[in-house]
Amino acid sequence: MSVSARLTELGIELPDVVAPLAAYVPAVRTGNLVYTAGQLPIQAAELQATGKVGAEVSPEQGNELARICGLNALAAVHALVGIDSVVRIVKVVGFVASAPGFSGQPGVINGASELFGEIFGEAGAHARSAVGVSELPRNAPVEVEIIVEVA
């Protein structure tokens, strides 16, 4: 089954690519790898939440925001090479703007990781980093970037 058919089966529609917020492009291909820029939880040109996870944003909300980031990353890949050319998700890097003492970053970034598993199955299994940070652009709670292998 193609990736686009799997998305349809799951009822998932890739969003439009989020316009860059500064001097970069959403995704770059080198050889058979595509690297995305960090993606914020933006839908319909609006940041879906602000603040730190563990304070203004619950871990559960952070998990859902990471899923949105993952969809935005896939949209950037799709715009560059087409989603059906994705062979596997290689690496996910997630940044969580964390309140002091919050250590649940892996659970937050699972929102993106589980999305990739739903869509790609075994090819969605990936290496990952989940990093707590003090601030993210636009006071976003979560940012996700991915590396994918393409045909």
Contact check, side chains of L47 and P41, non-hydrogen atoms, under 4.5 Å: yes
Distance, nearest 0.5 Å, that separates CZ of R88 from CD1 of I147: 12.5 Å
Check: T8 main-chain N/O paired with R6 side-chain donor or acceptor under 3.5 Å: no
Close side-chain approach of H78 and S4, heavy atoms under 4.5 Å: no
R138 side, atom CZ; T50 side, atom OG1 - distance, nearest 0.5 Å: 10.5 Å
Shared hydrophobic cluster for L14 and F116 (ILVMFWY, side-chain gaps under 4.5 Å): yes
Salt-bridge present (K52, E135; N to O < 4.0 Å): yes
Nearest heavy-atom neighbours spanning A27 and A76: CB-O, 3.8 Å
Shared hydrophobic cluster, V148 / V18 (ILVMFWY, side-chain heavy atoms < 4.5 Å): no
Check: N72 side chain, L40 main-chain N or O, donor-acceptor pair, under 3.5 Å: yes
Same apolar cluster (I L V M F W Y, side chains within < 4.5 Å links), L33/V87: no
Check: P106 main-chain N/O paired with R128 side-chain donor or acceptor under 3.5 Å: yes
E122 CD: over 12 foreign heavy atoms closer than 6.0 Å: no
Rounded distance [0.5 Å steps], CD in Q105 versus OG in S129: 12.0 Å
Q61 side, atom CD; E56 side, atom CD - distance, nearest 0.5 Å: 10.5 Å
Atom of A49, atom of P141 and distance for their closest heavy-atom approach: O-CD, 3.2 Å
Side-chain (T36) to main-chain (I146) donor-acceptor, under 3.5 angstrom: yes
N/O donor-acceptor pair under 3.5 Å between Q39 side chain and A37 backbone: yes
Contact check, side chains of M1 and E9, non-hydrogen atoms, under 4.5 Å: yes
Crowding at CG, D16 (>12 non-hydrogen neighbours, <6.0 Å): no
Path from V53 to L136 over hydrophobic side-chain contacts below 4.5 Å: no
Where A99 and G54 come nearest, the two heavy atoms and their spacing: CB-C, 3.7 Å
Nearest non-hydrogen partners of P59 and F102, listed with the distance: CG-CE1, 3.7 Å
Least distance between heavy atoms, V77 atom then V34 atom: CG2-CG1, 4.0 Å
Within one Ile-Leu-Val-Met-Phe-Trp-Tyr cluster: V108 and F95, side-chain cutoff 4.5 Å: no
Side-chain donor/acceptor of N63 to backbone N/O of G107, under 3.5 Å: yes
Heavy-atom side-chain proximity of I109 to V142 below 4.5 angstrom: yes
Any F120 side-chain heavy atom under 4.5 Å of L74 side chain: yes
Close side-chain approach of I68 to I42, heavy-atom, < 4.5 Å: no
Euclidean distance, I12 CD1 relative to L71 CG, rounded to 0.5 Å: 6.0 Å
